[in-house]
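Written out below as structure tokens is the structure these notes cover.
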Amino acid sequence: MKRMHILKRSTCSYLRARYYSGKPHVREDRRIWQPVIGLEIHAQIPTVSKLFSGAATRFGSPINTQVAVFDAAMPGTLPVINRGCVEAGILTALAINSNLNMVSKFDRKHYFYSDLPSGFQITQYRQPLAVGGYVQYVVQDHSSKHIERKKIHITQLQLEQDSGKSLHDTEDSISLIDLNRAGVGLMEIITEPEFHSSEEAMSFVKELQLIFQCIGTCDGRMDEGSMRVDASVSVHHPGEPLGTRSEVKNLNSTRYVGRAIDFEVKRQIEILESGGEVANETRAFDFESGETIPMRDKEHLHDYRFMPEPNLPPLRLYSDASPPPPGVATDQVINIDRLKERLPELPEEKRGRMEAQYGLTLSQAIILVGEPGLMRYFEEIMSEGKRNVKVVVNLLLNDLLRVLNKDDVNVDNSPVLPSHIGEIVDMLQSNTISMATAKKVLDLIYDGEKRSPTQLVSDNHWTQITDQQALVDVCQTVIEQNPVAVEEYRKGKTKVLNFLMGQVMKATKGRVDPKATTNTLKSMLQE
Ligand SMILES: Nc1ncnc2c1ncn2[C@@H]1O[C@H](COP(=O)(O)OP(=O)(O)OP(=O)(O)O)[C@@H](O)[C@H]1O
Ligand SMILES: [Mg+2]
Ligand SMILES: [Mg+2]
């Protein structure tokens with residue numbers, strides 16, 4: 001059945017309604033509210049210099065130490081476009097299936113703000129770098145464990161300058177300006193208003209972060225402001241025209257994206273249900289109260305007085321099919337076919353391949369692809385020997401991630417290497433060690449053990465007891481030493497078996513196969 005993304009109209013129970021994956025909540029009159037969300041994402045391009053000047057872009061540098069005369073809008077300075085930024089924009093457009101404009105243009109967008117010395121931002125208004133496109137992403141409902149693939153359409157991708165930063169000193173009532181960020185290259189990506197829940201919007205933002213990191217066109221660090229999200233939110237009754245949107249600006253974590261959307265949806269439903277109208281306004285999110293508040297400086301409608309940027313010619317792209325005119329040096333132009341060749345396997349393609357090639361479930365594929373470095377690590381293990389994919393994935397997702405997450409260590413810095421896991425898996429598959437021993441070996445290597453897993457097992461005599469008579473002997477001892485438990489088991493308290501199993505494990509230091517032990521114990525107890 002197709003899932004519906006609709007909300008109970010009643011506002012009091014709104015927050016309890018899981019409108020992403022839950023069943024439709026319908027009031028008697030069957031009038032339901034559907035949230036509609038569109039996102040605008042600003043992503044900083046990690047080139048060493050800015051979009052139109054040679055100033056550096058390092059995050060966290062001392063205030064006003066990365067400012068070229070152009071960034072400070074000194075008269076007579078001219079923009080020179082940064083090839084790296086254009087390439088990043090093109091790569092991103094390709095990754096989100098957007099159509100590149102072979103000719104795009106730059107415009108001036110005027111507004112007054114103290115951190116914008118020129119009084120205008122150079123952006124792409126009339127003819128952006130790319131239009132259209134779509135992104136496939138996955139939405140996971142953590143409580144129901146339901147996973148769904150979704151698709152969102154992209155409106156456009158444009159290149160533009162970032163602004164500076166104002167620091168307001170309320171004590172001395174002064175504002176200080178830091179121009180380090182002014183002119184850093186940004187990609188603005190706009191989605192169609194097609195999300196119907198905060199979960200969908202958040203999942204898309206995470207997918208975009210994965211795409212950026214995969215192709216290297218933004219570090220995706222929302223906490224450092226290198227990726228910022230504006231969420232436009234409205235509600236309507238399905239089948240009727242879209243409602244008036246409000247726009248919550250500058251959300252700097254995926255969690256805040258979700259909280260701001262949930263708050264807005266609830267606020268708007270309340271207004272509409274009490275007969276009011278939603279204002280088309282810009283709002284800010286206050287993470288402490290969890291509320292959105294109108295932004296005072298944006299109360300009036302802006303007249304940006306867009307005009308073509310006279311100091312930049314149109315940006316022309318070339319391809320093998322439409323090459324540059326003869327005589328133009330190849331390093332002076334960009335051929336998009338060369339960039340297409342550089343496009344790596346994207347997150348959704350990786351997930352699809354993990355499912356198809358290795359038979360993984362989508363939820364396993366999501367973790368392997370979402371955890372930086374983990375898919376490569378997994379494939380390195382799988383590239384040798386005939387390793388059972390279930391055993392490998394189980395060890396990685398349950399045991400390796402457990403120890404790494406405990407100390408917040410990245411897979412790439414893991415002291416447990418793919419070769420270690422490979423050896424452990426081989427010993428498991430040949431029945432040399434039990435699962436309990438495998439976990440113990442993994443933990444020891446994580447804690448700094450320098451011997452190889454094989455060496456460790458042989459030095460400690462941890463090889464699994466595979467000899468059936470030896471297993472029977474251990475079980476016999478345990479049965480003799482625990483008459484009370486045995487009695488209870490025979491009276492029908494079958495849970496006692498777990499206790500006896502534990503005793504065998506203890507006696508053998510985990511060197512037995514749980515299944516073989518259970519069977520042996522059971523048959524011996526029936527005698
Ligand atoms: N009725 C609606 N409800 C929710 N979202 C909407 C609605 N109509 C449009 N949107 C979304 O609002 C966003 C509009 O962003 P866009 O940047 O194009 O315009 P803007 O916010 O007015 O301009 P800017 O912020 O650059 O000054 C898009 O993400 C779009 O999907
Ligand atoms: Mg906007
Ligand atoms: Mg915009």
Side-chain angles (χ1 to χ4, degrees), residues 39 41-52 54-61 66 81-98 100 104 124 128-130 133-137 154 156-162 181 183-189 191 204-229 252-254 315 317 331 333-354 366 368-380 410-413:
L39 299 180
I41 293 102
H42 292 102
Q44 275 184 3
I45 303 167
T47 43
V48 288
S49 59
K50 295 183 180 178
L51 181 55
F52 299 120
T57 58
R58 226 169 306 108
F59 177 80
S61 298
Q66 302 185 154
I81 197 158
N82 181 338
R83 182 191 180 101
C85 292
V86 179
E87 289 183 339
I90 295 171
L91 268 177
T92 307
L94 292 170
I96 60 175
N97 307 293
S98 196
L100 286 160
S104 64
Q124 296 193 296
L129 185 64
Y134 64 90
V135 171
Q136 277 185 295
Y137 63 102
I154 302 294
Q156 65 176 62
L157 181 153
Q158 72 203 38
L159 292 173
E160 60 185 34
Q161 298 174 296
D162 208 343
R181 210 180 63 182
V184 169
L186 285 185
M187 296 177 284
E188 180 183 300
I189 297 174
T191 78
F204 167 75
V205 170
K206 286 183 195 151
E207 185 69 18
L208 207 51
Q209 281 176 314
L210 282 183
I211 293 175
F212 285 151
Q213 283 154 2
C214 177
I215 58 179
T217 56
C218 172
D219 66 17
R221 296 281 306 253
M222 293 184 76
D223 57 332
E224 291 184 356
S226 50
M227 180 172 165
R228 310 184 289 270
V229 176
N252 61 2
S253 84
T254 39
L315 174 60
L317 307 179
D331 63 346
V333 292
I334 293 178
N335 181 324
I336 57 176
D337 288 314
R338 297 294 83 72
L339 289 168
K340 276 184 190 158
E341 289 159 7
R342 261 170 53 190
L343 208 60
E345 188 181 34
L346 296 166
E348 175 55 21
E349 292 168 339
K350 288 179 181 167
R351 285 191 291 260
R353 187 166 65 79
M354 289 297 106
I366 290 172
L368 274 191
V369 173
E371 198 73 40
L374 190 58
M375 192 189 86
R376 211 177 331 112
Y377 191 106
F378 165 75
E379 290 207 281
E380 197 175 323
N410 282 335
V411 174
D412 289 331
N413 300 327

**Complete:** So CD1 of Ile45 and OG1 of Thr57: to nearest 0.5 Å the spacing works out to 10.5 Å
**Message:** Run Met354 and Phe378 through side-chain contact (heavy atoms from CB on, under 4.5 Å) and show every step you take.
**Reply:** CA-CA 10 Å; Met354 289 297 106; Phe378 165 75; 3.9 Å; yes
**Message:** Donor-acceptor pair, distance only, cut-off 3.5 Å: does the side chain of Ser226 make one with the backbone of Gln44?
**Reply:** no
**Asked** Do the side chain of Gln213 and the main chain of Asp219 share a donor and acceptor less than 3.5 angstrom apart?
**Response** yes
**Side-chain heavy-atom pair Arg228, Asn252 within 4.5 angstrom cut-off** = no
**Request:** Look up atom CZ in Phe52 and atom CG in Leu159, then write down how far apart they are to the nearest 0.5 Å.
**Result:** 7.5 Å
**Message:** Does Leu129 form a side-chain contact (heavy atoms from CB on, under 4.5 Å) with Leu317? I'd like the steps, not just the answer.
**Reply:** CA-CA 10 Å; Leu129 185 64; Leu317 307 179; 4.2 Å; yes
**Asked** Would you say the side chain of Cys85 lies within less than 4.5 Å of the side chain of Thr47, judging by non-hydrogen atoms?
**Response** yes
**Message:** Could you check whether atom CZ of Arg83 has more than 12 heavy atoms from other residues, nucleotides or ligands sitting under 6.0 Å from it?
**Reply:** yes
**Item:** Side-chain heavy atoms of Asn82 within contact of Lys50, under 4.5 Å
**Value:** no
**Fill in**
For Tyr377 and Val411 the tightest heavy-atom approach is CD1-CG1, 3.5 Å
**Request:** List for me each residue that meets ring pair (Phe, Tyr, Trp, His ring centres under 6.0 Å) alongside Phe212, sequence neighbours excluded, and say none if there are none.
**Result:** none
**Message:** Side chains of Leu100 and Ile90, heavy atoms from C-beta outward: is any pair under 4.5 Å?
**Reply:** yes
**Message:** Between Gln209 (side chain only) and Gly220 (backbone N and O only), is there a donor and an acceptor less than 3.5 Å apart?
**Reply:** yes
**Fill in**
Tightest non-hydrogen contact, residues Glu348 and Glu207, listed as N-OE2, 4.0 Å
**Request:** For residues Gln136 and Leu346, determine if any side-chain heavy atom of one lies less than 4.5 Å from a side-chain heavy atom of the other.
**Result:** no
**Prompt:** With a 4.5 Å heavy-atom cut-off, do Arg376 and Asp412 have their side chains touching?
**Reply:** yes
**Message:** Any heavy-atom pair between the side chains of Gln124 and Glu188 that's under 4.5 Å?
**Reply:** no
**Prompt:** Any side-chain heavy atom of Pro344 sitting closer than 4.5 Å to one from Ile215?
**Reply:** yes
**Request:** Work out which heavy atom in Cys218 is nearest to a heavy atom in Met187; give both atom names and the distance.
**Result:** CB-CE, 4.4 Å
**Asked** From Ile96 CD1 over to Ile189 CD1, what is the distance, rounded to the nearest 0.5 angstrom?
**Response** 4.5 Å
**Request:** Test Pro347 against every option in Val135, Val369, Ile366, Leu208 by the side-chain contact (heavy atoms from CB on, under 4.5 Å) rule and name the one that passes.
**Result:** Val369
**Message:** Using every non-hydrogen atom in the two residues, find where Pro128 and Ser104 come nearest and quote the distance to one decimal.
**Reply:** O-CB, 3.5 Å
**Request:** For residues Ala93 and Leu157, report the shortest heavy-atom separation together with the two atoms involved.
**Result:** N-CD1, 3.9 Å
**Nearest heavy-atom neighbours spanning Leu39 and Ile41** = CB-CD1, 3.9 Å
**Request:** For a salt bridge (Lys or Arg N to Asp or Glu O under 4.0 Å) with Glu345, tell me which candidate from Lys350, Arg353, Arg351 qualifies.
**Result:** Arg353
**Message:** Once rounded to the nearest 0.5 Å, what's the spacing between atom CD of Gln161 and atom CG of Leu51?
**Reply:** 6.5 Å
